Amino acid sequence: MMNKFSFFLLLSFSFFAQTKGVVVDELGKPIPYVNIWVENENIGTTSEENGEFSITVDVNKTLVFSAVGFQTVKAKLSEARKVVLQSIAYQLNEVVIQKRIGKDQIEIGKYQKENINLYYGAGIQPTIIAKFITPTQDIKKHPFVDAITFLTRSNINNAKIKLRFYEVAPDGSPGLDYSDDIIIVRVKKGKRDTTVDLKDKNIVIPDSGLFIAFEWMIIEENKYTFKYTLGENNAKIQGWLPGPKKKVYKDGLSYCPTIGTIPSDSGTSWHFFAGKWVSRGIHKKSEFSKYLDKYDNKFGELAIKITLSN
C-alpha cells in the first residue's frame with residue numbers, strides 16, 4: 001500500500017519534464033548557440049549548432065531564449081518544442097564615423113601567464129562574464145580594437161566560447177549588444193593564450209566605455225567528464241586520490257574552456273546570473289588559499305590583453 005510519503009515523492013517528480021526543442025528564425029532556419037535560461041533562475045542550456053536543445057525543469061517554468069541579433073523570447077516549457085526568434089533591425093543613433101589610420105598601436109591589460117592560478121568557467125550552466133573597458137586618454141587616441149588575447153585552459157581540443165560586446169546601461173552594467181556580429185572562438189587544449197583578430201569588425205571603444213564579454217556554451221562538443229573527490233567539508237577536489245573513509249570518487253561534469261584571472265584592487269567585471277547582471281565580488285580565503293593567496297581580498301579580473309590602434 002502506498003504511504004503518504006511515497007505519494008508525495010511521486011507527485012513531486014511528476015512536475016518535472018524533459019523538453020527537446022529547436023530554435024529557428026523567421027524563415028525556419030535553425031539558430032545555433034542560443035542562450036536558454038529558466039526565468040529568474042541560474043539554470044539553463046545552449047542550443048546546438050543545428051538549433052536543437054534539451055532541458056529538464058519544472059513544467060510550470062518559463063524559458064528565456066536570447067541570441068545576438070535576435071529579439072529575446074519567453075516561452076512556457078510546454079510551448080518550447082519549436083521557438084521562433086525574430087531578427088532585430090539595428091537602428092543606429094547619430095554616430096561619428098572615425099577613419100582608421102592604423103599606424104600606431106598600444107596594448108592594454110597585460111598579464112603574466114605563469115602567475116595565474118584562478119580561472120572562471122561555466123560549470124554546467126550557461127554563463128556570461130563581462131569586463132568594463134574604461135576609456136582613458138590613451139584609449140581615446142587609439143579607439144579601434146585590433147585584437148583581443150585572453151588566457152584559456154581547456155581539457156579538450158577546440159572548445160568553443162562566444163565573444164560579445166555590450167554598451168553601457170544607465171546603471172553602469174552591461175546594456176544592449178554593441179553589434180550583431182556573432183564571434184565564436186575555438187580554444188585549443190591546455191593552458192595557452194588565445195588571440196582573436198578583430199580588425200574587420202570595426203569595433204570602436206566609445207567615450208562611455210565598452211564591455212568585453214565571454215559567453216560559455218553548454219553544448220555537447222564542450223562537455224568534459226572527469227573524476228573528483230569529496231573532501232571532509234564536501235568540497236570538490238579534482239585529481240586527488242581518495243583517502244580511506246575521507247574522500248569518495250564521483251563522476252564530474254563541466255563545460256570547457258575556462259578563462260584565467262588576475263588579482264586586482266578594483267572590480268570591473270560583471271556576471272549574468274539568474275537573468276540579470278550582478279557585479280562580481282571580492283575573493284575570500286578558502287581551503288585552497290595556499291594556491292590563491294594573492295587573490296585574497298582581491299577582485300578576480302579577466303586576464304585580457306587588448307591591442308588598440310588609431
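Everything numeric in this text was worked out from a predicted model, so none of it was measured.
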Atom of [X], atom of [Y] and distance for their closest heavy-atom approach:
X	Y	answer
Asn157	Lys188	OD1-CA, 3.3 Å
Cys256	Tyr224	SG-CB, 3.8 Å
Leu210	Tyr178	CD1-CD1, 3.4 Å
Arg186	Thr194	O-CG2, 4.2 Å
Ile218	Thr46	N-OG1, 2.8 Å
Leu253	Phe226	N-CE2, 3.6 Å

Is a side-chain N or O of [X] found less than 3.5 angstrom from the main chain of [Y], in a donor-acceptor match?
X	Y	result
Lys113	Gly260	no
Asp181	Ile183	no
Asn310	Lys141	no
Thr152	Arg192	yes
Glu26	Ser87	yes

Tell me, do [X] and [Y] make a side-chain contact under 4.5 Å, heavy atoms counted?
X	Y	answer
Tyr111	Leu302	no
Lys294	Leu118	no
Glu215	Tyr33	no
Val38	Ile55	yes
Leu151	Lys191	yes
Ser47	Ile31	no
Gln105	Leu308	no
Ser54	Gln18	yes

In this structure, would [X] and [Y] fall into the same cluster of hydrophobic residues linked by side-chain contacts under 4.5 Å?
X	Y	answer
Leu176	Ile182	no
Ile43	Val64	no
Phe165	Trp270	no
Val34	Trp37	no
Ile161	Phe272	no

Ring pair (Phe, Tyr, Trp, His ring centres under 6.0 Å) partners of Tyr119, counting only residues at least two apart: none
Within this structure, what is the [atom1]-[atom2] distance for the pair [X] and [Y], rounded to the nearest 0.5 Å?
X	Y	atom1	atom2	answer
Asn117	Ile262	CG	CD1	13.0 Å
Lys110	Ile306	NZ	CD1	13.0 Å
Lys61	Glu41	NZ	CD	3.5 Å

Derivation and outcome, side-chain contact (heavy atoms from CB on, under 4.5 Å), residues Tyr255 and Met217: CA-CA 8 Å; Tyr255 288 82; Met217 298 184 292; over 6 Å; no
Thr149 side chain to Asp193 side chain, donor-acceptor N/O pair below 3.5 angstrom: no
Test log, rule side-chain contact (heavy atoms from CB on, under 4.5 Å), inputs Leu163 and Phe214: CA-CA 5 Å; Leu163 178 61; Phe214 296 93; 3.8 Å; yes
side-chain hydrogen bond (donor to acceptor under 3.5 Å, both in side chains) partners for Trp216, two or more places apart: none
All N/O donor-acceptor pairs, side-chain side in residues 65-85, below 3.5 Å, sequence neighbours left out:
from: Lys74; atom 1: NZ; to: Glu39; atom 2: OE2; distance (Å): 2.7
from: Lys76; atom 1: NZ; to: Asn60; atom 2: O; distance (Å): 3.4
from: Lys76; atom 1: NZ; to: Thr62; atom 2: OG1; distance (Å): 3.4

Contacts of type salt bridge (charged side-chain N to carboxylate O under 4.0 Å, His left out), residue Lys223, not counting sequence neighbours: Glu220
Which residues share a salt bridge (charged side-chain N to carboxylate O under 4.0 Å, His left out) with Glu167, sequence neighbours left out: none
side-chain contact (heavy atoms from CB on, under 4.5 Å) between Phe150 and Val185, intermediate numbers included: CA-CA 11 Å; Phe150 54 105; Val185 183; 4.1 Å; yes
Steps toward ring pair (Phe, Tyr, Trp, His ring centres under 6.0 Å) verdict (Trp277, Tyr166): CA-CA 12 Å; Trp277 288 101; Tyr166 293 96; 5.4 Å; yes
Lys189, NZ: over 12 other non-hydrogen atoms inside 6.0 angstrom: no
Please tabulate, for side-chain N and O atoms in residues 120-138, each donor-acceptor pair with protein atoms closer than 3.5 Å (sequence neighbours left out).
from: Tyr120; atom 1: OH; to: Arg280; atom 2: NE; distance (Å): 3.1
from: Tyr120; atom 1: OH; to: His283; atom 2: NE2; distance (Å): 3.4
from: Tyr120; atom 1: OH; to: Gly300; atom 2: O; distance (Å): 2.8
from: Gln125; atom 1: OE1; to: Gly44; atom 2: N; distance (Å): 2.8
from: Thr127; atom 1: OG1; to: Gln125; atom 2: O; distance (Å): 3.0
from: Lys131; atom 1: NZ; to: Thr268; atom 2: OG1; distance (Å): 3.3
from: Lys131; atom 1: NZ; to: Glu301; atom 2: OE1; distance (Å): 3.4
from: Thr136; atom 1: OG1; to: Ile139; atom 2: N; distance (Å): 3.3

From CA spacing to verdict: side-chain contact (heavy atoms from CB on, under 4.5 Å), Val168, Phe211: CA-CA 7 Å; Val168 183; Phe211 281 96; 4.1 Å; yes
